[in-house]
Participant: 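Attaching a single structure in structure tokens format; questions to follow.
Below, all heavy atoms of this structure are taken into account, side chains as well, without hydrogens, waters or symmetry copies. The chains referred to below are lettered A, B, ... by the order of the sequence lines, with proteins before strands, and numbering in each begins at 1.
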Amino acid sequence: MRASKLYAPTLREVPAEAEIPSHQLMLRAGFIRKAAGGVYTYLPLAWRTLRKIEQIIREEMDAAGGQEIAMPIMQPSELWKESGRWEVFGEEMFKLKDRHGREFCLGPTHEEIITDLVRNEVRSYKQLPLLLYQIQNKYRDEIRPRFGLMRGREFIMKDLYSFDKDEAGLDISYKKMYDAYTKIFSRCGLVFRPVEADSGAIGGSNTHEFTALAQTGESEIAVCTKCDYAANVEKAESTVLYPEDETELPLEKKATPNTKTIETVIEYLQLPIEKSIKAVAFQDEKDKLICVFVRGDHEVNEVKVQNAVGAISLRMADKEAILAAGGVPGFMSPIGLRKGTVVIVDATVMEMKNACCGANEVDMHYINANPKRDFGEVLVKDVRLMQKGDACPHCGAPVQITRGIEIGQVFKLGIKYSSALRATFLDENGREKPLIMGCYGIGVSRTMAAAIEQYHDENGIIWPRAIAPYEVALVPVNAKNEAQMKLAEKIYAGLQQAGIEVLLDDRKERAGVKFKDADLIGYPVRVTIGPKAVEEDKIEVKVRKTGELVYFTEENYEEGIKALLAKL
RNA sequence: CGGGGCAUGGCUCAGUUUGGUAGAGCACCUGGCUUGGGACCAGGGGGUCGCAGGUUCGAAUCCUGCUGCUCCGACCA
């Protein structure tokens, strides 16, 4: 490719709308342009990188026994109503109607379509296992699209669905995908961790997220400092903390004026924060009130609460709802709430001794509350968020909290969709059974963004070789110097013949401009053709990542560059 | 959905407070000069100031409504 023909408009200045490096750099380097909030056009450079990522995915999916198909983006509402997810997805789904008033949506995912496809065609266990996948656009009407390709409303995803005759088969399919994902992200050159995760709205039992480590990531993960345990904090099981044993003192009510927050209460009562109990009230999608109590220095893990009560969604409770249950906002207590109110007490709170909690009266708190003695009938669950330094549930060593970008997820779905949509087969004994399913996604466009988050510097992107749009930028320093241009053309042809993807910067620009653009776009290797190359047969090669300079001759530059690339 | 902010040429922004008929840098076109890290000189093109109303002799500027973008929040009672 010649730079004079390449449509890659680079920007000197940072567009005002972009915040994080990947978004800024993709705009500046001429990879993407925005069409609407969370919707982007991929320009030639981005498209090349995306196709490389897709190709790596295809190779590994095919190697694992997957077959590629293409399902519709526009999907009929009937299937979604049949599975019950027309409502579950709700506002997050783009819905539309045809001229006859029939309802459709733009697919946020494809479980319904594929289950429908398979239920009509698969009859026998002899046809299993079956692994089908596609690489395609997905649509989700995010509350707040942001960070460029990181959280778009239209994005590219690879999704594979596995169908097995039994759990053992699902375990094998799951393992195949888990291993394939590890290979894919390794080949893309990313630093990542598979982490245990919550299964969320998609449903299912067992799931891992593949998370690219990056400070700009939106998901928080807990990583053990000793063993290989890693989990999304939403999922991470917190261990129960036991305080030192104390004699239980009698419950006592105390006036605590103007102490609506934990900080003010402990300040007023002169108690350590570990002696306080914090209340958070939610309402589920049916407006049912759920009161949650955690230790003052802990945070409520909403996902755990949701799972504990089987809610579809949670929001902060209205004042009215709290009052109706006998609670007082700011001074809520498990003691004295109206009978029938759902109360969840975190397992660690249950072990506390002589703690302080609200008294369900304005400006009043209890001290010396002993949950086991005083709280009565309550639901005891692990509902707190794992924090830095908490014990690893596997080996007990302290965990670290770090951030990452979720680039892939593998799920064991079981029979959730096959039973809802009655997708069955006949087993060896002629018995009708629901198909055992798994689903496995990779955010392709997000993976590209994640790579940039991990590999960039103040000058631009630094692509891992495997997913770089071009491997080599060939830069003649002076476009008007015939000898330089002639040599550059010769090397251009030579590199192409050697199977190296090369971009020749033949633009009539000054050297500085071409160097800046090469750095910004992030070609792994730059070959400079200047006076040294023409007069001394010294072909200068610069490695983008390290800044290292190497010189080759017309005789050996092909092998030399190949050897350099092999290391990137 | 709640709360901020913004909307002026392709990009980054000034001008709005105090109304008087639109500007800078970058980018683009022409010519010259220059060529190892985003040059320079000269000339030039391009904007109904987001949209719709209103006030006024006169509106980018004041008022009303709308739209879009963006940031924060929507768990810590």
Participant: Kindly write out the residues that satisfy side chain to side chain contact (heavy atoms under 4.5 Å, CB included) with A/D382, not counting sequence neighbours, or none if the list is empty.
Facilitator: A/E237, A/S238, A/K304, A/D346, A/R384
Participant: Is any side-chain heavy atom of A/D284 closer than 4.5 Å to a side-chain heavy atom of A/F282?
Facilitator: no
Participant: Roughly how far apart are A/I452 CD1 and A/Q24 CD, rounded to 0.5 Å?
Facilitator: 11.5 Å
Participant: Just to be sure I understand the geometry, which residues of residues 345-355 of chain A put a non-hydrogen atom under 4.0 Å away from RNA chain B?
Facilitator: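 Per residue number, the list is empty: none.
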Participant: Give every residue pair that meets the salt bridge (Lys or Arg N to Asp or Glu O under 4.0 Å) criterion with at least one member in residues 7-17 of chain A, sequence neighbours excluded.
Facilitator: A/E17-A/K34
Participant: For the residue pair A/R526 and A/F515, would you count it as a cation-pi contact if the rule is NZ or CZ under 6.0 angstrom from the ring centre and within 45 degrees of the ring axis?
Facilitator: yes
Participant: How many whole angstroms separate atom CD of A/E218 from atom P of B/A74?
Facilitator: 14 Å
Participant: Taking atom P in both B/G5 and B/C75, compute the distance separating them and give it to the nearest angstrom.
Facilitator: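 Result for the P pair: 23 Å, nearest Å.
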Participant: Report the distance from atom CD of A/E13 to atom P of B/U12, rounded to the nearest whole Å.
Facilitator: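 My rounded result for the distance is 8 Å.
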Participant: Once you round to the nearest 0.5 Å, how far does CD of A/E555 lie from CD1 of A/I539?
Facilitator: 10.0 Å
Participant: If you measure from CG on A/L495 to CD on A/E558, what distance do you get to the nearest 0.5 Å?
Facilitator: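 Taking CG in A/L495 and CD in A/E558, the distance rounds to 6.5 Å.
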Participant: Does the structure show a Watson-Crick or G-U wobble partner for B/U67, both distances under 3.5 Å? Name it, or say none.
Facilitator: B/A7
Participant: How many Å lie between CD1 on A/I266 and P on B/A77, as a whole number?
Facilitator: 12 Å
Participant: Please check if the number of heavy atoms outside A/E218 that lie under 6.0 Å from its CD is greater than 12.
Facilitator: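 Result for CD/A/E218: enclosed.
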Participant: Using the C1' atoms only, state how far B/G46 lies from B/C29, rounded to an integer number of Å.
Facilitator: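 Result for the C1' pair: 11 Å, nearest Å.
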Participant: What's the gap between B/A60 and B/C13 when it is taken at their C1' atoms, as a whole Å value?
Facilitator: 15 Å
Participant: Could you tell me how far B/U67 sits from B/G25 if I compare only their P atoms? Round to whole Å.
Facilitator: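 Comparing P positions in B/G25 and B/U67 gives a spacing of 38 Å.
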Participant: Under a 3.5 Å limit for both distances, which nucleotide forms a Watson-Crick or G-U wobble pair with B/C1, could you say?
Facilitator: B/G73
Participant: Expressed as a whole number of angstroms, how long is the span from A/D141:CG to B/C1:P?
Facilitator: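 So the CG-P distance, A/D141 to B/C1, works out to 11 Å.
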Participant: When the P atoms of B/C71 and B/U30 are considered, how many whole Å apart are they?
Facilitator: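 So the two P atoms sit 38 Å from each other.
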Participant: State whether A/K235 and A/E209 are salt-bridged, where the test is any N-O pair (Lys NZ or Arg NE/NH1/NH2 against Asp/Glu carboxylate O) under 4.0 Å.
Facilitator: no
Participant: Do A/Y139 and A/C105 touch side chain to side chain, with heavy atoms closer than 4.5 Å?
Facilitator: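 SC-SC contact between A/Y139 and A/C105 ruled out.
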Participant: Using whole Å, what does the distance between atom C1' of nucleotide B/C11 and atom CE of A/M26 come to?
Facilitator: 19 Å
Participant: On a whole-Å scale, what distance lies between the C1' atoms belonging to B/U16 and B/C63?
Facilitator: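 That atom pair is separated by 14 Å.
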Participant: Check nucleotides 69-73 of chain B against the protein and report each pair of N or O atoms closer than 3.5 Å, with its distance, or say if there are none.
Facilitator:
unit_1, atom_1, unit_2, atom_2, d
B/C69, OP1, A/G37, N, 3.4
B/C69, O3', A/K34, NZ, 2.9
B/U70, OP1, A/K34, NZ, 3.4
B/C71, OP1, A/E19, OE1, 3.4
B/C72, OP2, A/R144, NH1, 3.0
B/C72, OP2, A/R144, NH2, 2.6

Participant: Taking atom NZ of A/K95 as the centre, report whether more than 12 heavy atoms of other residues, nucleotides or ligands fall under 6.0 Å from it.
Facilitator: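 More than 12 within 6.0 Å, yes.
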Participant: Round to the nearest Å and state the distance from A/Q387 atom CD to B/C75 atom C1'.
Facilitator: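 For the pair A/Q387 CD and B/C75 C1', the rounded distance is 13 Å.
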Participant: Applying a 3.5 Å limit to both distances, which nucleotide forms a Watson-Crick or G-U wobble pair with B/G37?
Facilitator: none
Participant: So does A/I143 have more than 12 non-hydrogen atoms from other groups sitting under 6.0 Å from CD1?
Facilitator: no
Participant: Indicate for each nucleotide in nucleotides 33-40 of chain B, in 5' to 3' sequence, whether protein heavy atoms under 4.0 Å reach the base (B), only the sugar-phosphate (S), or nothing (-).
Facilitator: -BBBBBB-
Participant: Give one of base, sugar-phosphate or nothing for A/V14, where a contact means two heavy atoms less than 4.0 Å apart.
Facilitator: sugar-phosphate
Participant: Just grab all the ring-ring contact (aromatic ring centres under 6.0 Å, His included) pairs involving residues 307-365 of chain A, residues at least two apart or on different chains.
Facilitator: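 Pairs touching residues 307-365 of chain A that pass the test: A/F331-A/H365.
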Participant: Rounding to an integer number of angstrom, what distance separates B/C6 and B/G15 when you compare their C1' atoms?
Facilitator: 16 Å
Participant: Taking atom C1' in both B/G20 and B/U56, compute the distance separating them and give it to the nearest angstrom.
Facilitator: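 Between the two C1' atoms, the distance is 12 Å.
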Participant: Which base, if any, makes a Watson-Crick or G-U wobble pair with B/C62, both distances under 3.5 Å?
Facilitator: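 The answer is B/G54, by the H-bond criterion.
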Participant: Rounded off to whole Å, could you give me the CD-to-C1' distance for the A/Q24 and B/C11 pair?
Facilitator: 14 Å
